[in-house]
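All heavy atoms count here, side chains included; hydrogens, waters and symmetry mates do not.
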Amino acid sequence: MLLKKALIFLILTIGSLFISFSALPAFLPYPYSNKSASGPANVVELILMMSYEQWKVYLIFGLVLLICSFILLLRMRTINRTKG
């Protein structure tokens, strides 16, 4: 039972992280680049560039994980209620 709860919490956390990554472009500007071949200067800019390019994928994947975790949590609660 504890392993199931930990797995549901892990899925919920990963889904929330993906949704957070997809929301970054709404709050932060695109990193400055002066040439077409210039890359990110640090890890934060790399994450921001990736979130600008793949925000739709992150949002969809995060929502699917969030919905799955809520379904598993509700299913686990109904099973516990029927047992006693």
Side-chain angles (χ1 to χ4, degrees):
M1 184 62 88
L2 186 62
L3 184 62
K4 287 182 183 180
K5 286 183 182 180
L7 182 65
I8 292 171
F9 182 73
L10 180 67
I11 292 171
L12 181 69
T13 305
I14 292 172
S16 299
L17 283 174
F18 275 113
I19 291 175
S20 300
F21 284 153
S22 69
L24 285 177
F27 301 111
L28 299 172
Y30 194 80
Y32 174 76
S33 58
N34 56 359
K35 298 178 185 173
S36 61
S38 64
N42 53 28
V43 176
V44 175
E45 286 186 3
L46 176 65
I47 291 172
L48 192 56
M49 285 180 172
M50 288 173 46
S51 67
Y52 260 94
E53 294 171 3
Q54 300 292 325
W55 71 270
K56 292 176 187 174
V57 175
Y58 290 144
L59 182 64
I60 291 170
F61 193 64
L63 287 174
V64 166
L65 287 176
L66 224 60
I67 290 169
C68 287
S69 67
F70 284 131
I71 289 172
L72 289 172
L73 184 65
L74 290 174
R75 188 170 163 221
M76 188 173 68
R77 289 182 70 190
T78 56
I79 290 173
N80 287 342
R81 285 186 183 170
T82 57
K83 282 185 179 179

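- The structure places CZ of Arg75 at 8.0 Å from OG1 of Thr78, a figure rounded to the nearest 0.5 Å.
- Residues forming a ring pair (Phe, Tyr, Trp, His ring centres under 6.0 Å) with Phe21 (at least two apart in sequence, or on another chain): none.
- Criterion: ILVMFWY side-chain heavy atoms under 4.5 Å apart, direct or through other members. Under it, Tyr58 and Val43 are part of a common hydrophobic cluster.
- Transitive grouping of hydrophobic side chains (ILVMFWY, heavy atoms separated by less than 4.5 Å) brings Met50 and Ile47 into a common cluster.
- Looking at every heavy atom in both residues, Pro25 comes nearest to Ser51 through CG-O, 3.6 Å.
- Leu73 CG to Arg77 CZ: the interatomic distance, rounded to the nearest 0.5 Å, is 6.5 Å.
- When the side chains of ILVMFWY residues are joined at heavy-atom separations under 4.5 Å, either directly or via intervening members, Phe18 and Phe9 end up in two distinct hydrophobic clusters.
- A distance of 11.5 Å separates CG of Leu7 from CG of Leu2, quoted to the nearest 0.5 Å.
- Residues satisfying the side-chain contact (heavy atoms from CB on, under 4.5 Å) criterion with Tyr30, sequence neighbours excluded, are Met49, Tyr52, Glu53.
- The two residues Ser69 and Ile8 have their closest heavy-atom pair at O-CG2, 3.7 Å.
- The other residues sharing a hydrophobic cluster with Trp55 are Leu12, Ile19, Leu59, Leu63, Leu66, Phe70, where clustering joins ILVMFWY side chains under 4.5 Å apart.
- Through direct or indirect side-chain contacts shorter than 4.5 Å among Ile, Leu, Val, Met, Phe, Trp and Tyr, Leu17 is connected to no other residue.
- Under the 4.5 angstrom side-chain criterion for Ile, Leu, Val, Met, Phe, Trp and Tyr, the cluster partners of Ile71 are Ile67.
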